[in-house]
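Notes for the one structure printed next.
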Amino acid sequence: MSQATGVFSPSRAKIQQRTLRTDKWWLAPLLTNLGLATFVVYATVRAFWGSAYWVPQYHYLTPFYSPCVSTACLPGSSHFGHWVGELPWFIPMAFISLPFLLAFRLTCYYYRKAYYRSVWQSPTACAVAEPHAKYSGETKLPLIMQNIHRYFFYAAALISIVNTYDAVVAFHSEKTGGFGFGLGNVILVTNVVLLWVYTISCHSCRHVTGGRLKHFSKHPVRYWIWTQVSKLNTRHMLFAWITLSTLILTDFYIMLVASGTISDLRFVG
Ligand code: FES
């Protein structure tokens, strides 16, 4: 570090090293980068793939294609009707939900911490001097926009309702003509439950449910909800990573079944 800023300022104790830490402080940012990159690459490839997203026999729809509102969607996969015609290759089938979900996770308080550290190196680790000479935090454009996270939380809650509907109608079998139950249902339901847990454990959810109140004693219901949300919120980081994994797993399983690579393990129908 040649700039005389931060810990290298003239008035600070004269230590030449960027940090005196002897542990592997770079390991966590490295793992974060690998994890995020894996998800982004997988999700992008699959979102634009355009096939193997719907299993007509069992009504399995991958969350990466929900809701499917184009007339080009496979027959039966449009649970909420057709709103648009055929889409050019560069518009994914789930163009309604994906931008909001991306914005929801990008503006998430946990992910901000993760990528501010691992990508932006601000800071790379605690007590490791920054590579930046200037720092304006979230006071200017574009980062001031992180303050609209709560609106993406509302959008994500609506999309979770859509995903829940998808998971419910997936209890179907062509053979029985009605109810069916297979491994795909277990995967879809687990994923949707965990998506709800992640969404409800959001910091904005904690604020809107009760965090902004001053007198909990006057709001017993909201106090109870705030207490439960706060308990979930202590594990928000964990749920962020678990749901990235279950989303990949769910999509991958449905892709394998839809493409005929494997067949679904059926319990009923
Ligand atoms: S803070 Fe992470 S989803 Fe809202």
Side-chain angles (χ1 to χ4, degrees), residues 28-29 31-40 42-44 47 62-64 66-67 94-123 125-126 137-167 188-213 222-251:
L31 293 176
T32 304
N33 276 332
L34 290 175
L36 293 181
T38 304
F39 183 83
V40 168
Y42 181 88
T44 308
T62 165
F64 288 177
S66 176
F95 69 95
I96 302 271
S97 58
L98 295 184
F100 288 102
L101 293 176
L102 178 65
F104 178 51
R105 297 224 178 206
L106 261 186
T107 57
C108 163
Y109 288 68
Y110 165 66
Y111 286 110
R112 273 142 79 174
K113 173 191 169 188
Y115 67 81
Y116 286 167
R117 284 180 169 242
S118 62
V119 180
W120 197 243
Q121 315 273 306
S122 184
C126 299
E138 293 180 337
T139 59
K140 297 196 174 118
L141 274 173
L143 292 184
I144 199 166
M145 297 297 287
Q146 305 278 28
N147 287 302
I148 61 174
H149 177 65
R150 78 189 64 173
Y151 301 105
F152 297 122
F153 160 69
Y154 299 141
L158 289 177
I159 296 164
S160 292
I161 294 172
V162 170
N163 292 149
T164 307
Y165 182 85
D166 294 340
L188 277 165
V189 168
T190 307
N191 178 57
V192 97
V193 167
L194 289 165
L195 284 179
W196 272 116
V197 171
Y198 169 69
T199 307
I200 287 172
S201 70
C202 166
H203 294 256
S204 286
C205 178
R206 185 166 179 259
H207 177 75
V208 296
T209 50
R212 60 199 290 269
L213 296 175
R222 289 180 70 182
Y223 175 56
W224 183 84
I225 296 172
W226 174 84
T227 309
Q228 307 310 314
V229 170
S230 299
K231 282 182 196 158
L232 290 177
N233 181 259
T234 60
R235 303 219 151 69
H236 191 57
M237 171 174 119
L238 180 67
F239 300 137
W241 286 105
I242 288 180
T243 48
L244 285 191
S245 320
T246 57
L247 279 165
I248 290 187
L249 185 82
T250 308
D251 178 79

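All ligand and atom numbering here is 1-based and tracks the order in the structure. Residue numbers start at 1 and run along the sequence shown. Values reported hereafter were calculated over all heavy atoms of this structure, with side chains retained and with hydrogens, waters and symmetry mates removed. Predicted model, so just to flag it, every value in this text is computed and none were measured.
- Taking the side chain to side chain donor-acceptor pair (under 3.5 Å) definition, one finds that Thr246 meets it with Asn191, sequence neighbours left out.
- At least one test fails for Arg150 against the ring of Phe153: distance under 6.0 Å to the centre or angle within 45° of the axis.
- Side-chain contact check for Leu143 versus Tyr116: some heavy-atom pair is nearer than 4.5 Å.
- Side chains of Ser122 and Arg117 form no contact here, defined as non-hydrogen atoms less than 4.5 Å apart.
- Partners of Ala114 under the side-chain contact (heavy atoms from CB on, under 4.5 Å) rule, at least two apart in sequence or in another chain, are Thr32, Tyr110.
- Residues meeting the side chain to side chain donor-acceptor pair (under 3.5 Å) test with Ser204, sequence neighbours left out: none.
- Around atom 2 (Fe) of ligand 1, the protein atoms of type N, O or S found under 2.8 Å away are Cys108 SG, His236 NE2, listed by chain and number.
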